[in-house]
Amino acid sequence: MWKIIFQNLWSRRKKNGWIFAELIIVSMILWVLLDVSAVYLYNKLLPLGYDADRLCVVSMTTYSEKDPIYQKEYATDDACVESMDLIMRKVKGYKGVENATYVFSSWQYIGANSNQTYSFRSGNIAVDSLVKQIDVLRFHANTNFFETYGMETVEGSPSPEELSKLNFSWKDVVITADVARRFFGDEKNAVGKQIYFQNWKKDTIWCPVRAVLKDVHYQTYRPSYSLVFRPQDKPELYTHCKVMIRVKTGVDVDEFINGFDEFMNKELSVGNYYAERIDSMKNMQRTSERSYFTINNITLILTLFFLINLCLGVVGTFWLQTRNRVEEMGVLRTFGATRWCIRTMLLGEGFVLSTLAVIIGCLLYLQIALHTTFLGTTLGMFYDEGINMIDNWVLHFGEHFAIISLLCYVVILVTVLIGIYLPARNISNVNPIDALRDN
């Protein structure tokens, strides 16, 4: 059978040449579109590692010294702490609130004093040479931080409820599972071990691991990152904080926000602090990611548009090519070829053409990508293994290239086989006498 298939392809090489060239070009264009769309969808579908559905954020601000109602006596560190703690108690006492915590930052989703990236090492001799870049996020100990976010810990680690009761020193850390796997090989046995970094004075700071969280994907449009959570040790930074609220199960978030607005305006003004606005976590995500999602949604639309036109064009081309071979199939039928044999032969030709075209197309695109700046400027972030992303197929060029190429191959192969099978089924059933009547 395969010998006949290759003989047919060679004998029809002039007619198949244009189709073959078309499939090569289609493969290259499809690779680019599928790559962007696949990485985008992969990042978007990664589990967050925390429950964002019932979270609301209260943005806090302070009166300036020029404001008539500014009170200088409430500007001390102790007064700031007392004012914010009173606001927190009022928030936790409001109906519908399950938990609340402080968020120190302008970062979205997970609070941090800054988006600092530390170079951590492990005390594990086997991996002492490994330096891992890790984002460090701050939290306020004993304020139900991990409970409020709905994070989960791995087996063998203290639960979020237990973490809320622990006394943290400024050196203690809570790490994500990826950090534990990288440094200790096992996320279940990392508690009690230590990692270290060097500060700006070149001092070595050893950080005991108090708990291990499941990996946290704090920005849905980006890859997951390795994270370390450290206690916030400077109360004066309350001036830059927000209050994160988790509403109780069954409470409608929009209704809660509407009711909380009135309470906020009346009750959440203490000392020089006052609540400015409240918003749901989901809405903050949509707002922050709107520009990024707009670009990627356009890419998805273009990909779908291209796929539709690809299907119509390729299916139509192979449909016509196959339909024009009625007489040829009639001759084969007169020599005893079965319907199954004819269908298999035609589908085999399409399989060979598609396979060779995709292999050549993907390899040509690979050469273009490696010798131009196109790949680095558009998708460079997905190939940089030096930063603090959690290891996955997106970061490994070989694996990445193989997966997208396979996806491209499946799309083209299915399209071609559909374009061949439908007319092949009809002409394989044709009466040989009818097929040869006009010959």
Side-chain angles (χ1 to χ4, degrees), residues 40-41 43-61 84-112 137-140 142-153 159-161 163-164 213-222 224 227 229 238 240-270 273-294 296-297:
Y40 164 65
L41 290 175
N43 289 330
K44 187 175 176 62
L45 295 175
L46 284 173
L48 288 178
Y50 66 99
D51 180 14
D53 293 334
R54 294 187 287 128
L55 291 179
C56 300
V57 183
V58 179
S59 299
M60 304 297 301
T61 189
M84 281 304 303
D85 284 348
L86 178 56
I87 289 175
M88 180 61 73
R89 289 196 296 273
K90 288 184 176 183
V91 169
K92 288 187 174 182
Y94 184 76
K95 62 180 181 180
V97 174
E98 180 180 295
N99 243 318
T101 189
Y102 296 111
V103 180
F104 296 97
S105 117
S106 59
W107 270 38
Q108 298 297 326
Y109 321 148
I110 301 295
L137 307 185
R138 299 287 188 173
F139 72 97
H140 198 293
N142 307 118
T143 62
N144 309 101
F145 179 86
F146 301 103
E147 289 178 78
T148 302
Y149 271 99
M151 296 180 187
E152 298 180 12
T153 54
S159 66
E161 293 76 13
L163 288 177
S164 297
L213 300 170
K214 293 183 178 179
D215 289 325
V216 177
H217 185 209
Y218 62 92
Q219 290 178 317
T220 57
Y221 60 91
R222 302 177 69 188
S224 293
L227 300 177
F229 294 84
Y238 275 120
H240 305 290
C241 81
K242 300 177 183 179
V243 175
M244 184 69 69
I245 298 173
R246 172 167 296 284
V247 301
K248 294 179 179 178
T249 304
V251 174
D252 183 86
V253 174
D254 293 330
E255 291 182 4
F256 174 85
I257 290 175
N258 291 334
F260 193 88
D261 259 330
E262 184 177 352
F263 165 78
M264 180 178 69
N265 294 330
K266 290 181 179 179
E267 300 291 335
L268 297 189
S269 178
V270 179
Y273 288 95
Y274 65 95
E276 189 174 28
R277 62 187 179 87
I278 181 173
D279 202 354
S280 69
M281 175 68 80
K282 287 295 186 181
N283 189 54
M284 290 183 65
Q285 289 176 335
R286 286 191 293 267
T287 301
S288 175
E289 298 167 349
R290 186 171 294 145
S291 60
Y292 183 89
F293 283 158
T294 298
N296 283 278
N297 286 335

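Positions are given from 1 along the sequence. The structure presented is a predicted model; accordingly, all values stated were derived computationally and were not measured.
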S.K.: Determine the sole option in Val216, Leu48, Val103 for which the side chain to side chain contact (heavy atoms under 4.5 Å, CB included) test with Tyr149 is passed.
M.R.: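 Answer after filtering Val216, Leu48, Val103: Val103.
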S.K.: Identify the heavy atoms of Met88 and Val243 that sit nearest to each other, and give their distance.
M.R.: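 In terms of heavy atoms, the two residues are closest at CE-CG1, 4.0 Å.
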S.K.: Quick one: CD on Glu276 to CG on Asn265, what's the gap to the nearest 0.5 Å?
M.R.: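 With rounding to 0.5 Å, CD (Glu276) is 11.0 Å from CG (Asn265).
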S.K.: Please find the pair of heavy atoms, one from Ala100 and one from Asn144, that lie closest to each other, and give the distance.
M.R.: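 Looking at all heavy atoms of both residues, the closest pair is O-CB, 4.2 Å.
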S.K.: Within the 3.5 Å criterion, strictly below it, is a donor on Ser164 or Glu147 matched to an acceptor on the partner's side chain?
M.R.: yes
S.K.: If every non-hydrogen atom of Ser280 is compared with every non-hydrogen atom of Ile257, which pair is closest and at what distance?
M.R.: N-CD1, 3.5 Å
S.K.: Rounded to the nearest 0.5 Å, what separates atom CE in Met244 from atom OG1 in Thr143?
M.R.: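 Met244 atom CE to Thr143 atom OG1 measures 11.5 Å (nearest 0.5 Å).
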S.K.: Can you check whether Met84's main-chain N or O pairs, donor with acceptor, with Tyr102's side chain at less than 3.5 Å?
M.R.: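 At least one qualifying donor-acceptor pair exists.
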S.K.: With sequence neighbours excluded, what pairs up with Glu255 under the salt bridge (charged side-chain N to carboxylate O under 4.0 Å, His left out) test?
M.R.: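 Per chain and number, Glu255 pairs via salt bridge (charged side-chain N to carboxylate O under 4.0 Å, His left out) with no residue.
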S.K.: Val97 vs Phe256, test: side-chain contact (heavy atoms from CB on, under 4.5 Å). Steps then yes/no.
M.R.: CA-CA 9 Å; Val97 174; Phe256 174 85; 3.6 Å; yes
S.K.: What distance separates Thr153 OG1 from Glu161 CD, expressed to the nearest 0.5 Å?
M.R.: 8.0 Å
S.K.: For the pair Ser269 (side chain) and Tyr274 (backbone), establish whether a donor and an acceptor sit closer than 3.5 Å, ignoring hydrogens and angles.
M.R.: no
S.K.: In the structure I gave you, are the side-chain heavy atoms of Leu213 and Phe229 within less than 4.5 Å of one another anywhere?
M.R.: yes
S.K.: Within this structure, what is the CG-CG distance for the pair Leu268 and Leu86, rounded to the nearest 0.5 Å?
M.R.: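 Reported value, rounded in 0.5 Å steps: 9.0 Å.
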S.K.: Go through the structure and list residues passing side chain to side chain contact (heavy atoms under 4.5 Å, CB included) with Glu267, not counting sequence neighbours.
M.R.: Lys90, Phe263
S.K.: How many angstroms lie between atom CD1 of Ile278 and atom CG of Asn283, to the nearest 0.5 angstrom?
M.R.: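 If we round to the nearest 0.5 Å, Ile278:CD1 and Asn283:CG are 11.5 Å apart.
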S.K.: Do Met284 and Val57 have side chains that get closer than 4.5 Å, going by heavy atoms?
M.R.: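 Yes - at least one pair of side-chain heavy atoms lies under 4.5 Å apart.
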S.K.: Are any side-chain N or O atoms of Arg54 and backbone N or O atoms of Val251, one a donor and one an acceptor, separated by less than 3.5 Å?
M.R.: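 Checking the backbone N and O of Val251 against the side chain of Arg54, no donor-acceptor pair under 3.5 Å is found.
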S.K.: If we only count heavy atoms from C-beta on, is the Met151 to Phe145 side-chain gap below 4.5 Å?
M.R.: yes
S.K.: Can you find a pair of side-chain heavy atoms, one from Phe146 and one from Thr101, that are under 4.5 Å apart?
M.R.: no
S.K.: Tell me which one of Lys282, Arg246, Lys214 satisfies salt bridge (charged side-chain N to carboxylate O under 4.0 Å, His left out) with Asp51.
M.R.: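 Result: among Lys282, Arg246, Lys214, Arg246 is the only option passing the salt bridge (charged side-chain N to carboxylate O under 4.0 Å, His left out) with Asp51.
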S.K.: Using every non-hydrogen atom in the two residues, find where His217 and Tyr50 come nearest and quote the distance to one decimal.
M.R.: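 Result for this residue pair: O-CE2, 4.0 Å.
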S.K.: Quick check: closest heavy atoms across Thr148 and Ile245, and the distance to 0.1 Å?
M.R.: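 Taking Thr148 first and Ile245 second, the nearest heavy atoms are CG2-C, 4.3 Å.
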